[in-house]
Every structure is written in C-alpha cells, then in structure tokens.
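Please read the structure below before turning to the comments.
Order of the sequence lines fixes the chain letters, A, B, ..., with proteins taken first and strands second; residue numbering starts at 1 for each chain.
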Amino acid sequence: MIPEDLDILTLLIAIVTASACALPGVFLVLRRMTLMSDAISHAILPGIVLAFFLTHSVSSPLLILAATATGVLTVIFVELLQKTKLVKEDAAIGLTFPALFSIGVILISQYTSNIHLDMDAVLLGKLEFASFNKLEMFGYSWGPVSLYVMGGMFLLNLAFILIFYKELKLVTFDASLAATLGFAPALIHYGLMTLVSMTTVGAFDAVGSILVVALIAGPAATAYLMTDSLARMLILSVIIGCVNAVVGYLLAVPFDVPIAGPIATVTFLVFGLAFMVVPNRGLIAIARRHIHQKWEFAQTMLVIHLLNHEGLPEAQAESEIAHLHEHLRWEPTFATRVVKHALNNRYVSQQATQLMLTERGRTIAQQTLVQ
Amino acid sequence: MQAPDAKAIQVTDLTVAYRETPVLWDIDLDVPPGVLLAIVGPNGAGKTTLIKAILGLVRPAAGNILIYNKPYDAQRRIVGYVPQRGSVDWDFPTSVLDVVMMGRYGALGWIKRPGKQERELAMNALERVGMEKYTNRQISQLSGGQQQRVFLARALVQDATVYLMDEPFQGVDATTERAIVTLLQELRENGKTVVVVHHDLQTVTDYFDWVTLLNIRRIASGPVDETFTPENLRETYGGRIAFMKNR
C-alpha cells in the first residue's frame, strides 16, 4: 500500500511543479526570453550552494531566498552587459550563466563532496525522492515539502498574473506605451523575473537545472501555437504542462528511468504534435493550404487565359482542351487535372472539344485582373 | 484650465546623447495648441528621439520639456502616443479590440480591469478609423495599413489633448493614408495638438499647418508657409532636395 501512496504523491508533485512553471513560461515565450529561464536555472546554483553552507539544509527558506536573489542578479548582469551595446543578448546570456554555474560546480565539488548535494541531483533533479522529504510539524507528518513549495509557487504565480494581468499584457506587447502611460515596465519585468527565479529554485529540487527549462518553455510554446488569446494561452499552458507531467510520469515507471527525463521528452513530443496538427498554422494545415493554393492559382491562370482570348480570332485554338498544355506550357497531366478542377467548380464549361468560360469563371478572371 | 498663452509643448535647450554622441543638440521648440505639426528631417536627424524625449522615454542630457506648463509625468493623461508600427510584435496573441482598449489602461490605473465602458470607447474609436469590422480579428491577420489604424484607434481612446505620432504613414496604402490625414485634421479641428514624425516632403504642405525642420539641431519651426522654404530645406537636408522642384 505504501509505495502506491508514494507514487501518487510523486505524481502530484510533478503536476504541481509543471503547473507552476507553465504560468510564467507564457510571458517568457512572448517576451522571447526563454533563454533567460535557462540562464536563471543554471545561475542559481552558487546561490543554493552558498545558502547550503550557511544553513546545512536543502530545504531552508534561506536557500530559496538566496537562489532567487542569484536568479535576479543573473538577469541584471545580462541586461547590464547588453546595455553596453558591446555584447548582444544571446552572447550576454551565454557569458553570464556558465560563469555563475561553474562557480556553483566548483563550490560543490570542493566543499560538499560528502554531503547530500551532488551533481546528478543538480542536473536532473530527484523527483522520485521528493515525496520522502516530509514536512514535520507539531509531531505530525504533513506530506512532502515539495508539494507545499510548488503549490505555493503555483498560487503565487497565479495571483501575480491575475492581479497584474492587464499590466503584464501591456508591458509584454508594447513596453514603450506602458512606460508613457505610467506603468513602470521595469517593475513588472523584475517582478516577473523574481517569480521566474523563485519558481525555478522550487522546481530545481524536483527536476534539476536543465529540465526546468522544458517545464517553463515547452507548454507555453505549445500553447502559443494553439490559440490567439493570451488568457487561453495561459490556461492551455497549464493544462499541457499537467498532461506532459502525467504522461511522462506514467512512462517513467515501466522504463525505470529518472522521472524528469520522460517528462521533458513528452514535452517535446507534445510540442511536435501541436506543431504538426494545429489548425491554420500547423505544418499539415500549411501544406494543405499550399496544395489548395496551387490548384486555385492554376485555375485562375486558366480562366484568365480564356478571358484574354475570348472573342478573338485565335480563341478557338487557345481554348482547345487537347492543346491547352502547349499554350500554357503545362505538363499534360497537370493541365488535365486543372481542367477537371475548373469544370467541377463550374469556372468553365466544355463544349465539344473546347473550354468556354462560365459567368462565374469570367467574374473570377476579371476580379483577379482588376486587383 | 490652461492659461491662454500656454504652449502645448515647450522644449527648451534639450540635448539628448547616446553615450557621448549627441542625437539632439540644444533643441528649442514651441508648439502652440491646436496645430497639426510635422517633424521632418533626414534619417538620423533625431525625430523619433525628440518624440521619445517629450514622452519621457529617453532621458535628456540637458534641457527641459513642458506640456501645458507642466512636466510630462504630471500630464500623462492628456498625451496620446502612436509608436512606430514596427515597434511591437504583431504575432502577440490578442485581438484588435484588446489592443485598442490598451489606450484606456492609463486612465484605469493599476490593477483595475477594462470593462463595458472601455469596450464601448474602443468600439467607437475603431469606427472612427474604419476598422469596426475587424473588432475580434487576431492582430497578426492585419495588413500594415490596418495595423496603423488600430494604433491610431488606441491613441484616440486615450482622449488626449496632445498627440505624438511616430511615422503613422510609414508603409500604409493610399486609402489608409487619406483616412489618417482626415482623422488628424479632425483632431486639430477639435482643438487637439498633433505632432507627427513625417518622411514625405511632398505632402507636408497639403497635410500640415506647422512644421519643424530637424537635423540634430532645430533648423526652423513655425507655420508651413513661412517655414517650409527651399533655404530651410537645403539647410536641413544639405544638397539632397532636388525632388522639391514643385515648390
């Protein structure tokens, strides 16, 4: 009975972590700052290690505070570098976070080799053990600490977005208008970055520094493909994050691999699926539209060709079905199919061996030429 | 409310520099209320920077800017801004109506959400720019001209007294250009002051009644018929004004 119980708790932690990450991810994707979350998730390591030295505990609130501060510092560093105009944003990110991360790595390998803070956990997290770390208060066990931390993060993110929805939307869409209207974009920006840092620190414990980026960016990028409304994008992002967590978890159990791996893999697969099949902007929809446009365009060429020669001496030769492909320099099979489509659409009618424009076909040709 | 002789915008000794390179040198500019003013000048003349400085978006190295005798911070509510169309991401997941309602956010203040009243104001503004059929359209599906109209509608709902517009005619079709001109002249007739960064020298005399010639320095500023002279243009653009032969 007990292992089953633990499994449900682990799954719950995964779901809550995914939900908490999916919310700020939406704004990072829209602000083209997903790389910043990557930077933050790595750069918080020295903050975590230093706080660990002070507290000798991996779950102290000071740890979260220190790591969050390091995350915000990373954002400030990157922006300072960028402001010099000597370094572009991507390079600034690429310079900042490895530097901070490596400091963390050195600190860990030098001073904590015997302590419960190892590189595997840093990179991949330890979701499978997260439910063992119970909150003990008043002599009772109140369930996994992670569940409270990430549940709290989810609520905090949700509250921030609900309260400042209008401001976040405006600053993300048009920061200069926001500034002229008196909504301090910098304040909103750093508010958001603080939340991203806190969420990352919380999720770090469960999924590690690499996969937290998948939780932040993946669901939001998937949701972005699926909707034209910011509110729906936020809701979808959370739902997709939860689905990824559940499916990933269910895959991890039979294959007996660290849970964070399958979750990230599923995140990518779900994105790929959306990328293919979403209506209007998915790859399949685009391909179908291209094919449709190709035939539409060919039919338009055909009716314009017929219109141009209509009533002229050469009209008979030009509208002979058997010779159309020669006049238009089309492949014979292509020409046959275009004629078939055009007949089906009643753009043209067949009289003996010749094509004649219908009223409809003539209108289309004329409209196209007028444009 | 304002003293009758108050300038709509008064810029004194404004210098803006990016690092040590000055973009605007010691600009003095008085914009009387109720004019439709074009800011013209070659690329890199500092036209956009001037507008951004007036809006407090760039910090001046020196100088002072007043709007109806008060600094911008005290006058936010009466200033409407139309940024360059290309300054935002038109793939942002939102609708036309939503973007226009953003113009009311300043009046709403922090946290408070737009409601029925904002929606109605936005609908009215969309009608004024001829975009009422596109209310629920996703903004990525708009043409350049339509995007510009949406931006104008967003400024209209601000119900400002002073409008600052950065190249509203940039890359729009002829129909939209006419619609925008009509709208700008309507604003002026209602006593608004409209300042427009403008590129097309050919249309300055037709569209505007005041003009500021700018090329890092302020070359000249005043009513179009006195100010928009070949001598001033030559000073602004150097020798490159051969196409102005119709003047």
Evaluate whether atom [atom1] of [X] has more than 12 neighbouring non-hydrogen atoms of other residues, nucleotides or ligands under 6.0 angstrom away.
X	atom1	value
A/Phe160	CZ	yes
A/Tyr224	OH	yes
B/Gln141	CD	yes
A/Arg289	CZ	yes
B/Trp90	CH2	yes

Students often mix this up, so state it plainly: with edges at 30° and 60°, are the rings of B/Trp110 and A/Phe183 parallel, tilted or perpendicular?
perpendicular
For B/Val82, which atoms come within 4.5 Å of any heavy atom of chain A: side chain, backbone, both, or neither?
neither
Using heavy-atom distances under 4.5 Å, tell me whether B/Phe151 contacts chain A through its side chain, its backbone, both, or neither.
side chain
Which answer fits [X], side chain, backbone, both or neither, if we ask what part of it has an atom under 4.5 Å from a heavy atom of chain B?
X	result
A/Ile188	side chain
A/Thr227	backbone
A/Arg32	side chain
A/Lys169	both

Under 4.5 Å, counting heavy-atom pairs only, tell me which of A/Leu230, A/Leu170, A/Ile163, A/Leu177 racks up the most with chain B.
A/Leu177
Winner by heavy-atom pair count (cut-off under 4.5 Å) against chain B, out of A/Thr172, A/Asp228, A/Leu181
A/Asp228
Look up atom [atom1] in [X] and atom [atom2] in [Y], then write down how far apart they are to the nearest 0.5 Å.
X	Y	atom1	atom2	answer
B/Leu108	A/Glu167	CG	CD	9.0 Å
B/Lys52	A/Ser176	NZ	OG	6.0 Å
B/Asp91	A/Arg281	CG	CZ	8.0 Å
B/Asp89	A/Phe173	CG	CZ	8.0 Å

Scan residues 172-181 of chain A for pairs that pass salt bridge (charged side-chain N to carboxylate O under 4.0 Å, His left out), counting only residues two or more places apart or in two chains.
A/Asp174-B/Arg154
Side-chain touch B/Phe92/A/Leu30, heavy atoms, less than 4.5 angstrom:
yes
Contact check, side chains of A/Thr180 and B/Leu57, non-hydrogen atoms, under 4.5 Å
yes
Distance-only, no hydrogens or angles: does the A/Lys166 side chain make a donor-acceptor pair with backbone N or O of B/Pro114 under 3.5 Å?
no
Which heavy-atom pair separates B/Arg76 from A/Ala179 by the least distance, and what is that distance?
NH1-O, 3.3 Å
